[in-house]
Amino acid sequence: MTGVREEQLTVLDGTVTFSVAIVGEGPALMYLHPAGGLEFDSFIEDLATRYTVYAPRFPGTDPNAPYEIHKLPTLLDALLAYEELVRALGITRPVLVGQSFGGMLAAELAALFPGVPSAVVLLDPIGLWREDLPIANWTTLPMEELAALLFHDLDCEGARAMTELPDDPDAVADIVANLTWALGCTAKFVWPIPDTGLVRRLHRIVAPTLIVWGEQDRLIPVGYADEFSSRIRRSRVLIVPDCGHIPQVERPDVVIPQVGAFLSEVATQV
Amino acid sequence: MKISLFSQAAYRQLPGDFEQRHRSCVSTPYSLTSPEHVYDSYRDYLDELMHAARMGFDGLSVTEHGQSSYDMVPNPNLIASALAYATEAEGLEVAIYPLGRSLGKTREPLRVAEEYAMIDVISGGRLVAGFPIGLSYDASMNNGVPPIDMRRQFDENLSLIVRAWTDPDPFPWNGTYSKYQAVNIWPRPLQQPRPAVFMPGSGTPRTMRFTLEQDFGFNYFGWFGQRVTGQRVFGRFWELAESLGFEANPYRAGFMQTIAVAETDAKARRDYAPHLEYFFRKGLGSIPAEYMDLPGATDINGVRALVKDPGDLGIFATLKSATFDDLVEYGSVVIGSPETVRDTLVEFCRENRVGNILAMLGFGSLPRHLVEQNITLFATEVAPALRGIWADSGFEHHWWPERLGGRPRHQPLDRGSTVA
């Protein structure tokens, strides 16, 4: 993706450094990536045509600074770090968009600091737990099985782009190491069950919220969409048909226009 | 040379197609078992360990595996405790050697310090304390430790345990993974200032370096094929020791090997082949590879190195379908007549400067009478040839209890503290 610049910002009294990818122009939007780390896709590309997209790499998932994760003992430390990052970037009331693990982070931030986001988009977020709606522990799966759980159609363009590996064995080793470590870093606060008590905090979210879910999500079943929406007052749900866990990659044809429409609508309300 | 029996309590009646249908840990259906067979496994396991003690083995080693069908021992210290009393009562001079409680797994480190202290007291000072980081699946899937915290939790727990053993005064512990108002365990270990410690490693330089710097013994397990991994790992260990200025004392190094001895090579094959295939296919071979190394458990640089050169994993990836001939060819087992086994082990120990053998003589479905045959033949026909290998080397064994002929030395300890 072109036009991306990287910035390093320090938070938590100088102890933790964020690498933030910044792209586009317009009002501030913070994109919180999933467990496997930050990847650019057509969804972010589209957002960047209307927003300045700030995409912080979760501490530890920047291959140049893998040990930042060890500086965050608890989820609260991580959330405080993100709130400080918003201020360090000098942005106010960003739109928060988060996918999967990043969706949980977005929901947590919006609940802990209700005044921070102007709007929230959650894409198949983790963070709630019902024993009758089992969630596979994605960090314990071999890569092939994980890929099969992430997509409804493994042959779709987005899936092929995400699972393609280069020929150079050194490049493969880097990709595997970076992905594995990113999964380890992000698993730290949601191990072994991705329930850190968010269910008791969701009611604090006041920003208008769009909850997007792939109807055939085999990692986090679509039943969780209502679990989120019933606890967030100004929320609505978009169920994406023929779609797995990563709707913005598997069905950009639906997600890009629908998210765009939601954000335009709430922008006029502010 | 110190020679220990290495023993696990496997479930021995798993169905023939087990490895096609099940994993050997975490999710293995307990409905595959029957109570009498579970009881028999345990009874035989303890009897076999006692048989080895009576046959003159130097140590009795047991391991920790939660929620596993190949070693039904979630806490080896319960076994070690029973052995400590039984051997003390019979006057058997043998080390009690749990390999042992995993400190990457435990969320109650002080209990581990107390258990080991109790075993040392019960045995009259015969404990050798093993401290593994632990298996990834066991620490994280069975006990809820985030993989990325496992190594760091090990480090903190070890510091706490060593201090709990050695600090004469009560102290507060404000750790990341555990907090205690006042640590003041009763009893403390009989061996002063502390028992010898061994740590197993898979071959990563970081763990090797740690054992050297802490003056711990280093154990390596040869299941992945000693012929393809042994020289790689021990070569690396001794090179590292030399580069850091540590003497190449062979008693620092321990080696676990599956061994099968019968009167002749042909009889060994007849007696043991199906049970070896059972052990490797339905045990280690049925642990999914990803469970051994969950994301975050191995440092990012370690993952990169392992992807580029998976040599340390030997034949692990193919154990599920390994044939008896594969296992022999790669050295996952050393098998044959006493002479064959003797020659192989003497050569290996000499070449790799191994001063402690952990002989796994019961494995998989091997019935008790064959385990006892293996123990007896090993003790009488093989062990004598190994025992004196390092006798004239000029080195002393600093990692063995004084009561059992060791010469413990205790460098100033890196005693843990949570005070910055």
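Below, chains carry the letters A, B, ... as their sequence lines are ordered, and counting in each starts from 1.
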Student: Report the distance from atom CG of A:L146 to atom CD of B:E290, rounding to the nearest 0.5 Å.
Tutor: 10.5 Å
Student: Measure distances from B:V145 to the heavy atoms of chain A and classify the residue's part below 4.5 Å as side chain, backbone, both or neither.
Tutor: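 The answer is the backbone of B:V145.
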Student: Can you tell if the side chain of B:P147 reaches within under 4.5 Å of the side chain of A:W191, non-hydrogen atoms only?
Tutor: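 Touching, per the 4.5 Å side-chain cut-off.
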Student: Under the criterion side-chain contact (heavy atoms from CB on, under 4.5 Å), I'd like the reasoning laid out for A:V176 against B:V307: C-alpha separation, chi angles, the key distance, then a yes or no.
Tutor: CA-CA 8 Å; A:V176 172; B:V307 175; 3.7 Å; yes
Student: Does B:F216, at its CZ atom, have more than 12 non-hydrogen atoms belonging to other residues, nucleotides or ligands within less than 6.0 Å?
Tutor: yes
Student: Below 4.5 Å from any heavy atom of chain B, which atoms of A:P66 appear? Answer side chain, backbone, both or neither.
Tutor: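 When you check distances to chain B, only side chain atoms of A:P66 fall under 4.5 Å.
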Student: Please report the shortest heavy-atom distance between B:K308 and A:D170, naming the atom on each side.
Tutor: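 Here B:K308 and A:D170 meet closest at CE-OD1, 3.4 Å.
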Student: When rounded to the nearest 0.5 angstrom, what is the spacing between NE2 in A:H70 and CD1 in B:I148?
Tutor: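 So the gap between those two atoms works out to 5.0 Å.
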Student: In terms of heavy-atom contacts, does CG of A:D13 have more than 12 from other residues, nucleotides or ligands at under 6.0 Å?
Tutor: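 No - once you tally the heavy atoms of other residues, nucleotides and ligands closer than 6.0 Å, there are 12 at most.
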Student: Give, as side chain, backbone, both or neither, the part of A:I69 having an atom under 4.5 angstrom from any heavy atom of chain B.
Tutor: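 Contact with chain B is through the side chain of A:I69 alone.
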Student: Looking at B:R111, I want to see if its CZ is surrounded by more than 12 non-hydrogen atoms of other residues, nucleotides or ligands under 6.0 Å.
Tutor: no
Student: Using non-hydrogen atoms and a limit below 4.5 Å, what part of residues 296-306 of chain B faces chain A?
Tutor: B:G296, B:T298, B:D299, B:I300, B:N301, B:V303, B:R304
Student: May I ask you to check whether over 12 heavy atoms, not counting those of A:D132, lie within 6.0 Å of atom CG?
Tutor: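 Yes, because the 6.0 Å sphere around CG of A:D132 holds more than 12 heavy atoms from other groups.
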Student: Does B:F154 have any ring-ring contact (aromatic ring centres under 6.0 Å, His included) partners at least two apart in sequence or in another chain, and if so, which?
Tutor: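 If we apply the ring-ring contact (aromatic ring centres under 6.0 Å, His included) test to B:F154, skipping adjacent residues, there are no hits.
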Student: Under a 4.5 Å heavy-atom cut-off, does chain B meet the side chain of A:Y67, its backbone, both or neither?
Tutor: side chain
Student: As an exercise, state the distance from CE of B:M141 to OG1 of A:T140, rounded to the nearest 0.5 Å.
Tutor: 4.0 Å
Student: Could you tell me whether the side chain of B:D149 reaches within less than 4.5 Å of the side chain of A:K188, counting heavy atoms only?
Tutor: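 Result yes, sub-4.5 Å side-chain heavy-atom pair found.
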Student: Within the supplied structure, the quantity of interest is the number of heavy atoms (other residues, nucleotides, ligands) at a distance under 6.0 Å from A:E145 CD; does it exceed 12?
Tutor: yes
Student: Is the number of heavy atoms from other residues, nucleotides or ligands under 6.0 Å of A:R218 CZ greater than 12?
Tutor: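 Atom CZ in A:R218 is crowded, with more than 12 foreign heavy atoms closer than 6.0 Å.
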Student: With only heavy atoms counted, which part of A:N137 is less than 4.5 Å from chain B, the side chain, the backbone, both or neither?
Tutor: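 Looking at A:N137, nothing touches chain B.
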